[in-house]
Undergrad: 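Dropping a structure here in structure tokens format, bear with me for questions.
Since we're looking at a predicted model, the values are computed, not measured. Per chain, numbering begins at 1; letters A, B, ... match sequence-line order.
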Amino acid sequence: MTCGSLRVDDAGRSVTLRGWVNRRRDLGGLIFVDLRDRYGITQVVFNPQVVPAAHEVASRVRGEFVLEITGTVRPRPEGTANPNLATGEIEVEASAVAVLNEAKTPPFYINEEVEVDEALRLQYRYLDLRRPGMQSNVLLRHRLVKRMRDYLDARGFCEVETPCLIKSTPEGARDFLVPSSAHPGTFYALPQSPQQMKQLLMVAGLDRYFQIARCFRDEAQRADRQPEFTQLDLEMSFVGQDDVMALMEALYVELVKEHGGKRIQEVPFPRLTYADAMARFGSDRPDLRFGLEIQDVGPALAGTGFKAFATVLEAGGQVKAIVATGCGSYSRREIDGLTEIAKRAGAKGLATIAVESNGVRSPIAKFLREQEQQALTSDIGASPGDLVLLVADEAATVAKVLSALRTELGTALGLGDPSVLAFCWVTEFPLLEWDEDGSRWDATHNPFSGYLPEDEPLLDTDPGSVRALQYDLVANGAELGGGSVRLHRRAEQERIFALMGYDRSAMADRFGALLDALEYGAPPHGGIAMGVDRLVALLTDAPSIRDVIAFPKSQRGIDMMFDAPSAVDQTQLEELGLSVAVPSSNSTNP
RNA sequence: GGAGGCGUGGUGUAGCGGCCUAACAUGCAGCCCUGUCAAGGCUGAGAUCGCGGGUUCGAAUCCCGUCGCUUCCGCCA
């Protein structure tokens, strides 16, 4: 019997309830106690004339005391039902009550949805998690993960646990290191993902693998990034990217259904190539809930007399625009706000043109010919009342700036319906990007990704334009996960590593096991890794994934409850053959 | 590594050079109250305004530093 289960049909039953005191209302004679557990709230009434002993105990009870109450279920008197409560038609008349434990007054409200300083919440996480909002996040997460397991199990997938103590490969994010006492001076690393292991499981013939995998990355935190996080990791043999995408798409439709409360904008999920996404939205994870698409006005400005644009175009840069619908009346102050966002994203400036019924209002109007003004307004769909935002710079900056402005306008204009999920797939990412610092090619996603067969010749002539068999799932501007069809022949994999600057011995040292395995009948395979924390945060509208992780770290990676990381005993260090170079005051937290 | 925001009774906020002997709500404590459900009424306790330094006749308020939380950039194969 729980505090959420009793209904009118249970009237007359004798029941025992255990839970926490959500609220106590002492009317002098009658005392009402709202007893709360994970399942709900039930009103318990103590009548001094019926059971004086129980009433006496109830008068001393306080918030968050743990009680065991025995009593009789009965319908509430006419007119006193509470429609806000699932159990609001009934109450339990207590015949006996035991205080299983007392409770100090909590440091913050558990029975009210009030914003509390996050440091305090993290310090008393067990109380924070007692709050209904946090509980529903944890419970939803459980249901979603169970659904993932059921879905994949039903399709022949095998859940395999891969180790958390693995070899450090100093690629990508910084590794968390774990010293070995058996081999002083050497270290394990915690996995950034089970990538190589899952590929080896394909070589093993497991065929369809998945894991709810914990991943570790020693990098700066964000609202959507924790040092440890959870992925739904999976890999399949004998598949192409459409197979993986179709599998995931059907799963995510189910997961959204499991949550309820949100509608998917478009099924099947629209697909965009990376090039398309960058051209139209300036981002490889566009929020498709609204338009405000980026438009290229460079061609129409060929030979323009406006120096700021002409210089950029001559240097091979771009001039692009978005039409901010209905923002033509933006004040100087509001436009300054947009300029500030543009500059923070790397722009040197932001040009604006307000379209009015009898012309335009713009600081740059006097530099533009009549025909150019038209190209920058009506030709790109701007009507009176709209504001055109123009950015001129090299392509990457233009994309970044206009994407930031588009996101800002989407928020400011309320264009993103929070009850809608606009999923999309982004495909054909560049396989490699030039790393200026290292003077070498680097994998944009992961070095094991395959590429479009027709782009193979470009590996020799123009590696930067080779398109990967890589796909990301995006929703409402958030990257939910990504995967690829992998290279499964040693020579192909080595060719990529070579472009990345590895010689044979470096390859053998870092990826020897995988490379060897590719020579023993590795099947074609591909897979994907989906962020579990981000999915739950998206579905619950949580502002941070900390709200969907039971015991998260603070932004500086601190566990506020256990005060980790912390300094360790000298003897522990000695066993590991380690000495610490920083002063101990820097390695403990005050 | 860098930039911004926040830090005031237990909690959430107000106050932003002198009206501050720091306000409001809630929580907490006591008393009253037999149909409440954010119960109600009355009374009361509770804050050296994150910490350190400075400017000033005077600092919660301005300046500098520092600590903590947080957002973003860099970083995140």
Undergrad: Roughly, in whole Å, what's the span from CG in A:D435 to P in B:rA77?
TA: 13 Å
Undergrad: Tell whether A:R344 reaches the base of B:rC73 with its side chain through a donor-acceptor pair below 3.5 angstrom.
TA: no
Undergrad: Can you tell me whether the side chain of A:Q49 and the base of B:rU34 have a donor-acceptor pair closer than 3.5 Å?
TA: yes
Undergrad: CG of A:D224 versus P of B:rU70: gap in Å, rounded?
TA: 14 Å
Undergrad: For A:K167 and B:rA77, give me the distance from atom NZ to atom P, rounded to whole Å.
TA: 19 Å
Undergrad: Using a distance-only criterion (donor-acceptor N/O pair, under 3.5 Å, no hydrogens), is the base of B:rC37 paired with the side chain of A:R24?
TA: no
Undergrad: Between B:rG74 and A:R222, counting only base atoms on the nucleotide and side-chain atoms on the residue, is there a donor-acceptor pair under 3.5 Å?
TA: yes
Undergrad: Rounding to an integer number of angstrom, what distance separates B:rG15 and B:rC72 when you compare their P atoms?
TA: 27 Å
Undergrad: Do the charged groups of A:E91 and A:R74 touch, with an N to O distance under 4.0 Å?
TA: yes
Undergrad: Whole angstroms only, please: what is the CZ-P distance between A:R121 and B:rU70?
TA: 10 Å
Undergrad: Name the closest nucleotide to the A:D117 side chain, picking from B:rU26, B:rC37, B:rC69.
TA: B:rC69
Undergrad: Can you identify which nucleotide, out of B:rU26, B:rU71, B:rG35, has its nearest atom closest to the A:A223 side chain?
TA: B:rU71
Undergrad: Over how many whole Å does the gap from A:D563 atom CG to B:rG68 atom P extend?
TA: 11 Å
Undergrad: Can you classify the ring geometry of A:W434 versus A:W441 as parallel (below 30°), tilted (30 to 60°) or perpendicular (above 60°)?
TA: perpendicular
Undergrad: With a 4.0 Å cut-off, would you call A:R214 and A:E228 a salt bridge?
TA: yes
Undergrad: If I pick the C1' atom on B:rG52 and the same atom on B:rG10, what distance separates them, to the nearest angstrom?
TA: 26 Å
Undergrad: Please state how far atom CZ in A:F176 lies from atom P in B:rC76, giving the value in whole angstrom units.
TA: 15 Å
Undergrad: Roughly how many Å apart are B:rA22 and B:rA45, using the P atom of each and rounding to a whole number?
TA: 12 Å
Undergrad: Rounding to a whole Å, what distance do you find between A:E113:CD and B:rU26:P?
TA: 19 Å
Undergrad: Given the C1' atoms of B:rC20 and B:rA60, what is the spacing between them in whole Å?
TA: 9 Å
Undergrad: Does a salt bridge link A:R467 with A:D455, judged by any charged N lying under 4.0 Å from a carboxylate O?
TA: yes
Undergrad: Rounding to an integer number of angstrom, what distance separates B:rC63 and B:rC16 when you compare their P atoms?
TA: 15 Å
Undergrad: For atom P, what is the distance between B:rA25 and B:rU43, given to the nearest Å?
TA: 12 Å
